[in-house]
Every structure is written in structure tokens, then in C-alpha cells.
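One structure is given here, and the rest of the page talks about it.
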Protein chains: 2
Amino acid sequence: MKTSTEPDKTQCNAYIHAMEDALYVIGGKWKLRIIIALREGNKRFNEIQRAVSGISAKVLSAELKSLESNGLVTRNVLVDEFPVIVEYVLDDYSASLNGVLESLIDWGVGHRKKLADENQPK
Amino acid sequence: MKTSTEPDKTQCNAYIHAMEDALYVIGGKWKLRIIIALREGNKRFNEIQRAVSGISAKVLSAELKSLESNGLVTRNVLVDEFPVIVEYVLDDYSASLNGVLESLIDWGVGHRKKLADENQPK
DNA sequence: CGGCATCCTTCGCGATACTG
DNA sequence: CAGTATCGCGAAGGATGCCG
């Protein structure tokens with residue numbers, strides 16, 4: 001607690017800072033899309049690449065490592081011989097993102113609806 | 001509605017697509033920070049720049065225009081003579097983002113807490 | 001005061017090819 | 001199948017200066 005005369009400024013910075021923390025982990029073009037793809041079930045590397053259209057193997061590889069290091073995704077090696085088989089699984093911790101995902105998806109749907117209504121006012 | 005055998009895949013794509021719509025409008029490094037800054041009250045250009053630390057005038061200008069064109073922010077010219085004075089105001093529509101903002105901020109706070117706990121397990 | 005112009009850097013991302 | 005290596009583009013962003 002503080003007795004300063006500018007509590008708002010402090011609050012605002014705290015909010016912005018929390019947002020930065022969040023975006024550092026789940027920001028960027030791909031991370032949330034990958035998580036959404038994995039929500040419909042565990043997937044192999046190439047399956048994710050197909051589900052998240054447009055992502056390259058290099059980027060997908062990097063994103064998965066990042067998600068793994070943040071405890072959101074787990075990498076399971078199913079077969080460790082030549083045609084290696086790997087499966088990616090959402091970690092329990094990823095459930096903590098449900099609120100974020102749902103509100104973002106909802107807002108996206110609503111915003112698209114709003115744009116459509118503005119173009120077809122009737 | 002469809003009778004396909006792969007409703008999940010369709011659902012997943014719809015979710016990802018809605019997310020893309022949302023991120024197109026509020027994604028990127030700065031937009032949500034600017035909105036948070038404006039939530040504590042209307043601000044002038046330079047005030048926003050001070051509140052959102054690190055943003056340059058050029059980028060702030062571009063971001064404000066983008067937010068304006070999406071109906072999230074309104075630009076009010078208070079004085080139109082030489083030392084021009086402009087005020088930026090959150091539009092009513094921006095309230096629709098409250099859920100997104102709160103869940104992101106919450107998650108950021110929680111995630112930081114989680115990291116702290118992992119480093120100080122005792 | 002608000003904000004555009006210019007120049008420059010950074011790096012996220014993409015395409016293609018290749019390997020265990 | 002699951003990635004890595006290489007190359008390189010292009011957009012986003014930073015620094016500085018100027019102008020109404």
C-alpha cells in the first residue's frame with residue numbers, strides 16, 4: 001500500500017506489466033493457434049503443422065520448444081527409432097489459459113459480426 | 001450445420017480463425033498497452049507516450065490511428081490553434097475488450113507468481 | 001503540443017533443402 | 001517422421017529531426 005497521490009499511475013503500470021508478462025509467453029503469431037490446435041487432442045508434429053495452416057517446420061519447432069519451456073506443452077517420444085514418432089500434449093497448466101482463449105475467441109467472433117452488421121446495416 | 005465426420009477439425013479452424021480476427025485488431029506489441037493506459041482516463045498524446053514506456057511517437061501515432069479506425073478510440077481536438085491540443089478517449093466499444101484484458105492480466109499475474117514459486121519452492 | 005519524414009536496425013517469419 | 005540448416009525478405013520498430 002502507498003499513500004501517494006497517484007495510485008492510478010501505479011495501477012496502470014502494474015496492469016501493463018502483467019500484460020507484458022502474459023504476452024511474453026503467449027504472444028506472437030503462432031503460440032495461441034498451436035494451443036488451440038492441441039485442444040482438440042494430442043497431435044504429432046506434422047499434424048500440428050497441418051492444423052495450423054501456414055506455419056513452417058522451423059517456426060513450429062521453435063514455438064513448441066518455447067511452449068514446452070513454459071510448461072504449457074509436453075513432448076512425448078512414442079518411438080525412438082528411425083521413423084521417430086513424437087506426440088505433443090497440452091500440459092495441465094495450459095488449462096489456466098482457457099479464460100484467455102475463450103474471451104479472445106468470443107471477441108473475435110463478436111467483432112467480425114459487428115463488421116458484417118456495419119456493412120449490411122439492413 | 002454439417003453432418004461431416006470431422007466436426008472437431010472444423011471447430012478448431014473456426015476457433016483459430018476467430019483468434020486471428022481478434023489478433024488482427026488488438027495484436028502486436030502496443031495496442032493493448034495503449035488501451036490499458038487510456039482506461040485510467042483520457043490522455044493527451046504525450047501523456048500516452050509517457051504512460052506506455054518505450055513507444056516512439058511514430059509508432060504511437062500509427063497505433064492510435066489503427067485503434068481509431070477499429071472504433072476502439074476516439075480522437076478529440078480540444079484546441080485547433082498553434083499549440084494544438086488533442087485528447088484520446090476510449091470508445092464505448094472498447095468495453096467489449098474488458099474480458100480479454102482482465103483474463104490476460106490475471107493470467108500474467110498468475111504466471112509470474114508461478115515462476116516465483118518455482119524458484120522459491122520453500 | 002502533436003505528429004510526420006527519414007533513415008536505419010532488428011528479428012520474426014518464410015521457403016527450400018537436407019538429415020537421423 | 002520429426003525436425004535442423006541455410007538463406008534472406010519484409011514488416012515492425014527505434015532514433016532523430018523538423019514543422020504547423
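Letters A, B, ... mirror the listed sequences (proteins, then strands); counts begin at 1.
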Self-check item: Side-chain N,O (B:Lys58) to OP1/OP2 (D:dG17) below 4.0 Å
Solution: no
Quiz item: Between B:Leu60 (CG) and C:dC4 (P), how many Å, whole number?
Solution: 10 Å
Quiz item: Given the side-chain rings of A:His111 and B:Tyr93, with only the six-membered ring counted for Trp, is the space between their centroids under 6.0 Å?
Solution: yes
Quiz prompt | Sugar-phosphate only, base, or nothing, as touched by B:Gly28 at under 4.0 Å among non-hydrogen atoms | solution = nothing
Quiz item: Is the distance from OP1 or OP2 of C:dC1 to the nearest side-chain N or O of B:Asn46 less than 4.0 Å?
Solution: no
Quiz item: Rounded to whole angstrom units, what separation is found between the CD atom of A:Gln49 and the P atom of D:dA2?
Solution: 10 Å
Quiz item: Do A:Val73 and A:Val89 have side chains that get closer than 4.5 Å, going by heavy atoms?
Solution: no
Quiz item: Between atom CG in B:Asp80 and atom P in C:dG3, what is the gap in whole Å?
Solution: 11 Å
Self-check item: Between D:dG3 (C1') and A:Phe82 (CZ): distance, integer Å
Solution: 11 Å
Quiz prompt | Rounded distance (Å) that lies between atom C1' of C:dG3 and atom CD1 of B:Ile34 | solution = 14 Å
Quiz prompt | Nearest-neighbour nucleotide for the B:Arg75 side chain, C:dG2, D:dG13, D:dG3 considered | solution = C:dG2
Self-check item: d(CG, B:Asn42; C1', C:dC1) in whole Å
Solution: 17 Å
Quiz item: If only side-chain N and O atoms of B:Lys29 are considered, is one of them under 4.0 Å from the OP1 or OP2 phosphate oxygen of C:dT10?
Solution: no
Exercise. Mind telling me whether A:Phe45 and A:Tyr88 have parallel, tilted or perpendicular rings, with 30° and 60° as the class edges?
Key: tilted
Quiz item: Rounding to a whole Å, what distance do you find between B:Ile55:CD1 and D:dA15:P?
Solution: 12 Å
Exercise. Can you sort out which residues in residues 61-74 of chain B have a heavy atom within less than 4.0 Å of DNA chain D? Ascending by number, please.
Key: none
Quiz item: Out of curiosity, A:Ile26 CD1 to A:Leu32 CG, how far, rounded to the nearest 0.5 Å?
Solution: 5.0 Å
Quiz prompt | Protein-nucleotide distance (A:Arg50, atom CZ; D:dG3, atom P), rounded to Å | solution = 14 Å
Quiz prompt | Contact nearer the 5' end of DNA chain C, comparing A:Val84 with B:Val84 | solution = B:Val84
Quiz item: Are any non-hydrogen side-chain atoms of B:Trp107 and B:Glu102 less than 4.5 angstrom apart?
Solution: no
Quiz prompt | Qualifying residues under side chain to side chain donor-acceptor pair (under 3.5 Å), relative to A:Ser61, sequence neighbours excluded | solution = none
Exercise. Hey, which sits more toward the 5' end of DNA chain C by its nearest nucleotide, A:Ala57 or A:Trp30?
Key: A:Trp30
Quiz prompt | Whichever hydrophobic residues join B:Ile85 through chains of side-chain contacts under 4.5 Å | solution = B:Leu78, B:Val79
Exercise. Tell me whether the OP1 or OP2 atom of D:dA2 has a side-chain N or O from A:Arg44 closer than 4.0 Å.
Key: yes
Exercise. State whether B:Tyr88 places a side-chain N or O below 4.0 Å from either non-bridging phosphate oxygen (OP1 or OP2) of C:dC1.
Key: no
